[in-house]
Amino acid sequence: MKTIYLDNSATTKVDPEVMDVMDYYHGQTYGNASSIHHEGKNAKKALGEARSIIANSLGANDDEIIFTSGGTEANNLAIKGMMYANEDKGRHLITTKIEHDCVLNSGKALEAEGFDVTYLDVDSEGFVSPEALEKNLREDTVLVSIIHANNEIGTIQDIQRLSNICKQHDVLFHTDACQSYTKTPITTEMADLITINAHKLHGPKGVGALYVKQGTAIKPLLDGGGHERKRRSGTENVPGIVGFAKAVELGMDEAHVNKMQALRDYLIDEILKIPHTRLNGPRGEQRLCNNANISFRFIEGESIIMNLDTQGICTSTGSACSSQTLEPSHVLMAIEDDPERAHGSVRFTISRYTTKEELDRTLTALKATVDKLRRISPLTEG
Ligand SMILES: Cc1ncc(COP(=O)(O)O)c(C=O)c1O
(Lines give C-alpha, C1' and ligand atoms only; values in the text may rest on other atoms or scores of the structure.)
Protein backbone atom coordinates (compact mmCIF):
# COMPACT_ATOMS: atom_id res chain seq x y z
CA MET A 1 0.00 0.00 0.00
CA LYS A 2 1.53 3.33 -1.07
CA THR A 3 1.46 5.99 1.66
CA ILE A 4 -0.52 9.14 1.01
CA TYR A 5 1.12 11.78 3.17
CA LEU A 6 -1.20 14.63 4.09
CA ASP A 7 0.54 15.84 7.24
CA ASN A 8 2.90 18.36 5.69
CA SER A 9 2.38 20.98 8.40
CA ALA A 10 3.88 18.52 10.88
CA THR A 11 6.88 17.95 8.65
CA THR A 12 7.75 17.28 5.01
CA LYS A 13 9.72 14.86 2.90
CA VAL A 14 13.27 16.09 2.29
CA ASP A 15 13.80 16.99 -1.36
CA PRO A 16 16.41 14.68 -3.00
CA GLU A 17 18.47 17.70 -4.14
CA VAL A 18 18.58 18.86 -0.52
CA MET A 19 19.77 15.41 0.55
CA ASP A 20 22.53 15.52 -2.08
CA VAL A 21 24.01 18.80 -0.84
CA MET A 22 23.71 17.68 2.77
CA ASP A 23 25.47 14.43 1.97
CA TYR A 24 28.35 16.37 0.50
CA TYR A 25 28.75 18.52 3.62
CA HIS A 26 28.51 15.47 5.87
CA GLY A 27 30.96 13.23 4.06
CA GLN A 28 33.19 15.25 1.72
CA THR A 29 33.61 18.72 3.19
CA TYR A 30 32.94 18.39 6.87
CA GLY A 31 35.16 20.94 8.57
CA ASN A 32 34.17 23.10 11.49
CA ALA A 33 33.36 26.57 10.16
CA SER A 34 35.49 28.07 12.96
CA SER A 35 38.65 26.12 12.00
CA ILE A 36 41.36 28.02 10.18
CA HIS A 37 42.53 25.17 7.89
CA HIS A 38 41.21 24.76 4.36
CA GLU A 39 38.39 22.39 5.39
CA GLY A 40 37.25 24.94 7.94
CA LYS A 41 37.38 27.65 5.30
CA ASN A 42 35.31 25.54 2.91
CA ALA A 43 32.68 25.05 5.61
CA LYS A 44 32.71 28.77 6.43
CA LYS A 45 32.25 29.64 2.77
CA ALA A 46 29.29 27.26 2.44
CA LEU A 47 27.78 28.70 5.60
CA GLY A 48 28.15 32.23 4.25
CA GLU A 49 26.54 31.34 0.94
CA ALA A 50 23.62 29.65 2.68
CA ARG A 51 23.19 32.66 4.95
CA SER A 52 23.03 34.98 1.92
CA ILE A 53 20.38 32.83 0.22
CA ILE A 54 18.18 32.88 3.32
CA ALA A 55 18.80 36.57 4.01
CA ASN A 56 17.96 37.47 0.37
CA SER A 57 14.73 35.48 0.53
CA LEU A 58 13.55 37.88 3.26
CA GLY A 59 15.23 41.03 1.93
CA ALA A 60 17.53 40.97 4.98
CA ASN A 61 21.25 41.57 5.42
CA ASP A 62 23.40 38.50 6.07
CA ASP A 63 24.28 39.58 9.59
CA GLU A 64 20.60 39.83 10.52
CA ILE A 65 20.21 36.03 10.30
CA ILE A 66 20.93 33.83 13.34
CA PHE A 67 20.90 30.09 12.67
CA THR A 68 19.27 27.92 15.35
CA SER A 69 18.27 24.31 15.92
CA GLY A 70 14.77 25.00 14.56
CA GLY A 71 11.61 26.99 15.02
CA THR A 72 11.29 26.17 18.72
CA GLU A 73 14.68 27.59 19.55
CA ALA A 74 14.24 30.62 17.29
CA ASN A 75 10.92 31.46 18.98
CA ASN A 76 12.42 31.01 22.45
CA LEU A 77 15.35 33.22 21.48
CA ALA A 78 13.09 35.90 19.98
CA ILE A 79 10.77 36.08 22.95
CA LYS A 80 13.01 35.45 25.93
CA GLY A 81 16.03 37.10 24.28
CA MET A 82 14.03 40.29 23.68
CA MET A 83 12.29 40.35 27.05
CA TYR A 84 15.54 39.79 28.96
CA ALA A 85 17.42 42.37 26.88
CA ASN A 86 14.79 45.05 27.52
CA GLU A 87 13.96 44.56 31.18
CA ASP A 88 14.85 48.18 31.89
CA LYS A 89 12.10 49.29 29.46
CA GLY A 90 9.36 47.01 30.75
CA ARG A 91 8.22 43.46 31.46
CA HIS A 92 5.05 43.15 29.39
CA LEU A 93 4.70 40.75 26.44
CA ILE A 94 1.67 40.44 24.16
CA THR A 95 0.96 37.29 22.18
CA THR A 96 -2.18 35.37 21.15
CA LYS A 97 -4.15 32.31 22.21
CA ILE A 98 -3.41 30.51 18.93
CA GLU A 99 0.38 30.40 18.99
CA HIS A 100 2.48 27.27 18.68
CA ASP A 101 3.24 25.69 22.07
CA CYS A 102 6.83 26.92 21.97
CA VAL A 103 5.56 30.51 22.05
CA LEU A 104 2.78 29.87 24.58
CA ASN A 105 5.14 28.01 26.87
CA SER A 106 7.83 30.69 26.51
CA GLY A 107 5.14 33.10 27.71
CA LYS A 108 4.31 30.83 30.66
CA ALA A 109 8.00 30.49 31.56
CA LEU A 110 8.34 34.28 31.55
CA GLU A 111 5.23 34.63 33.71
CA ALA A 112 6.80 32.27 36.23
CA GLU A 113 9.76 34.69 36.33
CA GLY A 114 7.51 37.65 37.08
CA PHE A 115 6.93 39.00 33.56
CA ASP A 116 3.40 39.99 32.56
CA VAL A 117 1.90 38.33 29.46
CA THR A 118 -1.33 39.17 27.60
CA TYR A 119 -2.80 36.43 25.38
CA LEU A 120 -5.06 38.06 22.77
CA ASP A 121 -8.31 36.40 21.68
CA VAL A 122 -9.04 35.70 18.02
CA ASP A 123 -12.29 35.80 16.04
CA SER A 124 -14.20 32.79 14.68
CA GLU A 125 -11.75 32.39 11.77
CA GLY A 126 -8.65 32.84 13.87
CA PHE A 127 -7.89 36.50 13.15
CA VAL A 128 -6.37 38.85 15.72
CA SER A 129 -8.17 42.19 15.93
CA PRO A 130 -5.83 45.14 15.26
CA GLU A 131 -8.01 47.26 17.55
CA ALA A 132 -7.64 44.75 20.38
CA LEU A 133 -3.88 44.70 19.87
CA GLU A 134 -3.69 48.49 20.06
CA LYS A 135 -5.91 48.59 23.15
CA ASN A 136 -3.68 46.12 24.97
CA LEU A 137 -0.40 47.95 24.31
CA ARG A 138 0.96 49.55 27.47
CA GLU A 139 3.80 51.83 28.48
CA ASP A 140 5.77 48.79 29.63
CA THR A 141 5.05 46.57 26.57
CA VAL A 142 8.36 45.44 25.12
CA LEU A 143 7.38 42.88 22.51
CA VAL A 144 4.38 41.61 20.54
CA SER A 145 4.63 38.10 19.09
CA ILE A 146 1.94 36.96 16.64
CA ILE A 147 2.02 33.84 14.49
CA HIS A 148 1.95 34.59 10.75
CA ALA A 149 0.08 31.52 9.45
CA ASN A 150 -1.51 29.23 12.00
CA ASN A 151 -0.25 25.65 11.92
CA GLU A 152 -3.65 24.12 12.71
CA ILE A 153 -6.30 26.14 10.90
CA GLY A 154 -4.14 27.94 8.32
CA THR A 155 -5.27 31.50 9.12
CA ILE A 156 -2.81 34.06 7.70
CA GLN A 157 -2.83 37.24 9.79
CA ASP A 158 -2.58 40.72 8.34
CA ILE A 159 0.90 40.89 9.81
CA GLN A 160 1.81 44.16 8.14
CA ARG A 161 -1.13 45.94 9.78
CA LEU A 162 -0.43 44.44 13.21
CA SER A 163 3.25 45.24 12.87
CA ASN A 164 2.56 48.86 11.84
CA ILE A 165 0.53 49.38 15.01
CA CYS A 166 3.50 48.20 17.06
CA LYS A 167 5.87 50.43 15.11
CA GLN A 168 3.67 53.47 15.78
CA HIS A 169 3.88 52.71 19.50
CA ASP A 170 7.60 51.95 19.41
CA VAL A 171 7.08 48.31 20.45
CA LEU A 172 9.11 45.46 18.95
CA PHE A 173 7.22 42.96 16.77
CA HIS A 174 8.00 39.28 16.22
CA THR A 175 6.24 36.81 13.95
CA ASP A 176 6.52 33.03 13.82
CA ALA A 177 6.55 32.32 10.09
CA CYS A 178 7.43 28.60 10.24
CA GLN A 179 4.30 27.62 8.32
CA SER A 180 4.15 30.51 5.87
CA TYR A 181 7.80 30.82 4.81
CA THR A 182 8.08 30.24 1.01
CA LYS A 183 4.27 29.80 0.85
CA THR A 184 3.41 33.48 1.11
CA PRO A 185 5.58 36.57 0.70
CA ILE A 186 7.53 37.55 3.81
CA THR A 187 9.81 40.56 4.07
CA THR A 188 11.69 42.33 6.80
CA GLU A 189 9.19 45.20 6.50
CA MET A 190 6.72 42.93 8.29
CA ALA A 191 8.52 42.49 11.60
CA ASP A 192 11.62 43.23 13.69
CA LEU A 193 12.07 39.50 14.31
CA ILE A 194 10.99 36.58 12.11
CA THR A 195 11.21 32.87 12.91
CA ILE A 196 11.62 30.36 10.08
CA ASN A 197 12.64 26.71 9.88
CA ALA A 198 13.62 24.14 7.28
CA HIS A 199 11.57 21.00 7.85
CA LYS A 200 8.25 22.53 6.80
CA LEU A 201 9.62 23.21 3.31
CA HIS A 202 11.28 19.95 2.29
CA GLY A 203 14.46 20.74 4.20
CA PRO A 204 16.01 18.90 7.15
CA LYS A 205 14.68 18.78 10.71
CA GLY A 206 16.65 20.51 13.44
CA VAL A 207 17.53 23.70 11.53
CA GLY A 208 15.92 27.11 11.70
CA ALA A 209 16.76 30.77 11.79
CA LEU A 210 15.78 33.99 13.46
CA TYR A 211 15.88 37.25 11.56
CA VAL A 212 16.73 40.10 13.93
CA LYS A 213 16.58 43.64 12.57
CA GLN A 214 19.94 45.41 12.70
CA GLY A 215 20.51 47.32 15.90
CA THR A 216 18.05 45.25 17.95
CA ALA A 217 19.72 44.04 21.13
CA ILE A 218 19.02 40.41 22.01
CA LYS A 219 20.18 38.42 25.02
CA PRO A 220 21.61 35.03 23.99
CA LEU A 221 20.08 32.00 25.69
CA LEU A 222 23.16 29.78 25.38
CA ASP A 223 26.57 30.42 26.90
CA GLY A 224 29.40 29.17 24.75
CA GLY A 225 31.93 30.10 22.10
CA GLY A 226 30.07 33.14 20.80
CA HIS A 227 29.05 31.83 17.37
CA GLU A 228 26.54 33.71 15.21
CA ARG A 229 28.01 37.08 16.23
CA LYS A 230 27.73 36.21 19.90
CA ARG A 231 23.99 35.64 19.65
CA ARG A 232 23.80 31.82 19.45
CA SER A 233 26.71 29.68 20.54
CA GLY A 234 27.30 26.17 19.24
CA THR A 235 29.16 24.70 16.25
CA GLU A 236 27.15 25.58 13.17
CA ASN A 237 25.18 22.73 11.60
CA VAL A 238 26.72 23.30 8.17
CA PRO A 239 25.04 20.37 6.34
CA GLY A 240 21.68 21.31 7.82
CA ILE A 241 22.06 24.99 7.04
CA VAL A 242 23.23 24.32 3.48
CA GLY A 243 20.26 21.94 3.09
CA PHE A 244 17.95 24.64 4.46
CA ALA A 245 19.20 27.14 1.87
CA LYS A 246 18.79 24.60 -0.95
CA ALA A 247 15.23 23.90 0.21
CA VAL A 248 14.48 27.63 0.16
CA GLU A 249 15.86 27.98 -3.38
CA LEU A 250 13.73 25.08 -4.56
CA GLY A 251 10.66 26.19 -2.60
CA MET A 252 10.45 29.85 -3.65
CA ASP A 253 8.26 29.22 -6.66
CA GLU A 254 4.79 30.66 -7.18
CA ALA A 255 3.87 27.64 -9.30
CA HIS A 256 4.09 25.41 -6.19
CA VAL A 257 1.81 27.74 -4.28
CA ASN A 258 -0.74 27.95 -7.11
CA LYS A 259 -0.78 24.18 -7.44
CA MET A 260 -1.28 23.66 -3.71
CA GLN A 261 -4.01 26.31 -3.57
CA ALA A 262 -6.00 24.59 -6.31
CA LEU A 263 -5.65 21.18 -4.66
CA ARG A 264 -6.52 22.63 -1.26
CA ASP A 265 -9.75 24.18 -2.58
CA TYR A 266 -10.69 20.96 -4.36
CA LEU A 267 -10.16 18.97 -1.17
CA ILE A 268 -12.11 21.43 0.99
CA ASP A 269 -15.05 21.61 -1.45
CA GLU A 270 -15.25 17.83 -1.74
CA ILE A 271 -15.03 17.17 2.02
CA LEU A 272 -17.69 19.77 2.74
CA LYS A 273 -20.09 17.74 0.57
CA ILE A 274 -20.11 15.20 3.43
CA PRO A 275 -23.06 16.13 5.70
CA HIS A 276 -22.40 17.79 9.08
CA THR A 277 -18.93 19.07 8.25
CA ARG A 278 -17.49 22.50 8.89
CA LEU A 279 -14.36 24.26 7.70
CA ASN A 280 -12.10 25.62 10.44
CA GLY A 281 -10.32 28.84 9.48
CA PRO A 282 -10.96 31.20 6.55
CA ARG A 283 -11.21 30.54 2.82
CA GLY A 284 -9.18 32.02 -0.02
CA GLU A 285 -6.04 34.14 0.06
CA GLN A 286 -6.03 34.47 3.84
CA ARG A 287 -5.70 30.71 4.24
CA LEU A 288 -2.41 28.84 4.02
CA CYS A 289 -2.17 27.31 0.54
CA ASN A 290 -1.70 23.77 1.85
CA ASN A 291 -4.19 23.59 4.75
CA ALA A 292 -7.65 22.04 4.99
CA ASN A 293 -9.00 21.65 8.54
CA ILE A 294 -12.50 20.23 8.84
CA SER A 295 -14.67 19.28 11.80
CA PHE A 296 -16.92 16.21 11.47
CA ARG A 297 -19.93 16.17 13.82
CA PHE A 298 -20.78 13.14 15.96
CA ILE A 299 -17.33 11.51 15.67
CA GLU A 300 -13.80 11.93 16.99
CA GLY A 301 -11.04 13.27 14.74
CA GLU A 302 -8.69 10.72 16.33
CA SER A 303 -10.87 7.81 15.19
CA ILE A 304 -10.94 9.18 11.62
CA ILE A 305 -7.16 9.55 11.61
CA MET A 306 -6.55 6.06 12.94
CA ASN A 307 -8.94 4.57 10.38
CA LEU A 308 -7.33 6.51 7.52
CA ASP A 309 -3.92 5.41 8.74
CA THR A 310 -4.87 1.76 8.38
CA GLN A 311 -5.57 2.64 4.72
CA GLY A 312 -2.13 4.23 4.28
CA ILE A 313 -3.26 7.85 4.65
CA CYS A 314 -1.46 10.17 7.10
CA THR A 315 -3.41 13.11 8.51
CA SER A 316 -3.56 14.78 11.92
CA THR A 317 -5.98 16.09 14.47
CA GLY A 318 -6.48 19.12 16.65
CA SER A 319 -6.85 16.87 19.68
CA ALA A 320 -3.85 15.33 21.34
CA CYS A 321 -4.24 12.36 23.59
CA SER A 322 -2.25 13.26 26.66
CA SER A 323 -2.17 11.38 29.96
CA GLN A 324 -5.38 9.49 29.26
CA THR A 325 -7.45 12.64 28.73
CA LEU A 326 -8.32 14.03 25.33
CA GLU A 327 -7.25 17.66 25.38
CA PRO A 328 -9.08 19.68 22.72
CA SER A 329 -6.85 21.86 20.57
CA HIS A 330 -6.22 25.30 22.12
CA VAL A 331 -6.49 26.82 18.64
CA LEU A 332 -9.91 25.34 17.87
CA MET A 333 -11.14 26.22 21.35
CA ALA A 334 -9.94 29.79 20.78
CA ILE A 335 -12.07 30.20 17.63
CA GLU A 336 -15.14 28.69 19.30
CA ASP A 337 -15.69 27.29 22.76
CA ASP A 338 -17.06 24.02 21.39
CA PRO A 339 -15.18 20.86 22.46
CA GLU A 340 -17.20 18.70 20.03
CA ARG A 341 -16.03 20.79 17.09
CA ALA A 342 -12.45 20.62 18.36
CA HIS A 343 -12.51 16.88 19.03
CA GLY A 344 -14.11 16.18 15.64
CA SER A 345 -11.46 18.01 13.63
CA VAL A 346 -9.02 16.60 11.12
CA ARG A 347 -6.17 18.53 9.50
CA PHE A 348 -5.14 17.63 5.95
CA THR A 349 -1.98 19.43 4.82
CA ILE A 350 -0.70 18.94 1.30
CA SER A 351 2.69 19.62 -0.31
CA ARG A 352 4.02 20.37 -3.77
CA TYR A 353 4.32 16.60 -4.24
CA THR A 354 0.61 15.89 -3.55
CA THR A 355 -1.44 14.76 -6.56
CA LYS A 356 -5.16 14.95 -7.35
CA GLU A 357 -5.22 11.14 -7.56
CA GLU A 358 -4.01 10.96 -3.97
CA LEU A 359 -6.74 13.36 -2.89
CA ASP A 360 -9.39 11.33 -4.73
CA ARG A 361 -8.22 8.16 -2.98
CA THR A 362 -8.31 10.03 0.33
CA LEU A 363 -11.83 11.33 -0.34
CA THR A 364 -13.15 7.85 -1.08
CA ALA A 365 -11.55 6.44 2.07
CA LEU A 366 -12.71 9.41 4.14
CA LYS A 367 -16.35 9.16 3.06
CA ALA A 368 -16.46 5.43 3.89
CA THR A 369 -14.70 6.01 7.21
CA VAL A 370 -17.02 8.83 8.30
CA ASP A 371 -20.06 6.72 7.34
CA LYS A 372 -18.77 3.74 9.29
CA LEU A 373 -17.89 5.75 12.40
CA ARG A 374 -21.18 7.64 12.39
CA ARG A 375 -23.14 4.38 12.18
CA ILE A 376 -21.58 3.27 15.47
CA SER A 377 -21.45 6.69 17.14
CA PRO A 378 -23.74 7.13 20.15
CA LEU A 379 -23.88 10.86 19.29
CA THR A 380 -25.42 10.49 15.83
CA GLU A 381 -28.85 12.10 15.49
CA GLY A 382 -31.86 9.76 15.07
C1 LIG B 1 4.06 27.54 13.70
C2 LIG B 1 5.19 26.73 14.22
N3 LIG B 1 6.09 27.29 15.03
C4 LIG B 1 7.13 26.60 15.53
C5 LIG B 1 7.31 25.28 15.23
C6 LIG B 1 8.47 24.52 15.84
O7 LIG B 1 9.47 24.35 14.91
P8 LIG B 1 10.58 23.18 15.08
O9 LIG B 1 9.86 21.89 14.88
O10 LIG B 1 11.57 23.48 13.98
O11 LIG B 1 11.18 23.34 16.42
C12 LIG B 1 6.40 24.64 14.38
C13 LIG B 1 6.55 23.22 14.02
O14 LIG B 1 5.92 22.34 14.58
C15 LIG B 1 5.30 25.38 13.87
O16 LIG B 1 4.38 24.83 13.10
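Note that ligands are numbered from 1 as they come in the structure, with each ligand's atoms numbered from 1 the same way.
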To which protein heavy atom is [atom] closest, and what is the distance rounded to 0.1 Å?
atom                    : value
atom 6 (C) of ligand 1  : T72 OG1, 3.5 Å
atom 7 (O) of ligand 1  : N197 ND2, 3.2 Å
atom 15 (C) of ligand 1 : H100 CD2, 3.3 Å
atom 9 (O) of ligand 1  : H199 NE2, 2.9 Å
atom 16 (O) of ligand 1 : Q179 NE2, 2.8 Å
atom 3 (N) of ligand 1  : D176 OD2, 2.6 Å

Working for side chain to side chain donor-acceptor pair (under 3.5 Å), residues E73 and S69
CA-CA 6 Å; E73 186 192 332; S69 64; 2.6 Å; yes

For the 3.5 Å polar cut-off, considering only N or O atoms, please tell me whether [X] and ligand 1 meet it.
X    : value
N151 : no
G71  : yes
S9   : no
E73  : no

May I ask you to list the atoms of ligand 1 that are less than 4.0 angstrom from any heavy atom of G70?
10 (O)

Under a 4.0 angstrom heavy-atom cut-off, which atoms of ligand 1 come close to I147?
1 (C)

Would you say T369 and Q311 make side-chain contact, with heavy atoms under 4.5 Å?
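A side-chain contact exists here, since the closest heavy-atom pair is under 4.5 Å.
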
Among the clusters formed by ILVMFWY side chains lying less than 4.5 Å apart, do L222 and F67 turn up in the same one?
no

Testing I196, T155, I156 one by one against H148 for a side chain to side chain contact (heavy atoms under 4.5 Å, CB included), which residue passes?
I156

Residue that, paired with F173, satisfies side chain to side chain contact (heavy atoms under 4.5 Å, CB included) out of I159, I94, L193:
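That would be I159; it is the only one of I159, I94, L193 passing the side chain to side chain contact (heavy atoms under 4.5 Å, CB included) with F173.
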
Mode of N75 contact toward ligand 1 - side chain, backbone, both, neither (heavy atoms, under 4.0 Å):
side chain

Just let me know how T195 lines up against ligand 1, side chain, backbone, both or neither, with a heavy-atom cut-off below 4.0 Å.
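It is neither part, as no heavy atom is under 4.0 Å.
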
Would D269 and R283 satisfy salt bridge (Lys or Arg N to Asp or Glu O under 4.0 Å), going step by step from the backbone distance to the final call?
CA-CA 11 Å; D269 290 342; R283 272 190 176 268; 3.1 Å; yes

From the options D337, D123, D121, select the one residue that forms a salt bridge (charged side-chain N to carboxylate O under 4.0 Å, His left out) with K97.
D121

Would you mind checking if E357 and R361 are paired as a salt bridge, meaning a charged N to carboxylate O distance below 4.0 Å?
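No, this pair does not count.
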
Closest heavy-atom pair and its distance - R341, I335
NH2-CD1, 4.0 Å

Please check if any side-chain donor atom of K213 sits under 3.5 Å from a side-chain acceptor atom of Y211, or the reverse.
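The criterion, which ignores hydrogens and geometry beyond distance, is satisfied for Y211 and K213.
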
4.0 Å heavy-atom contact, K200 with ligand 1
yes

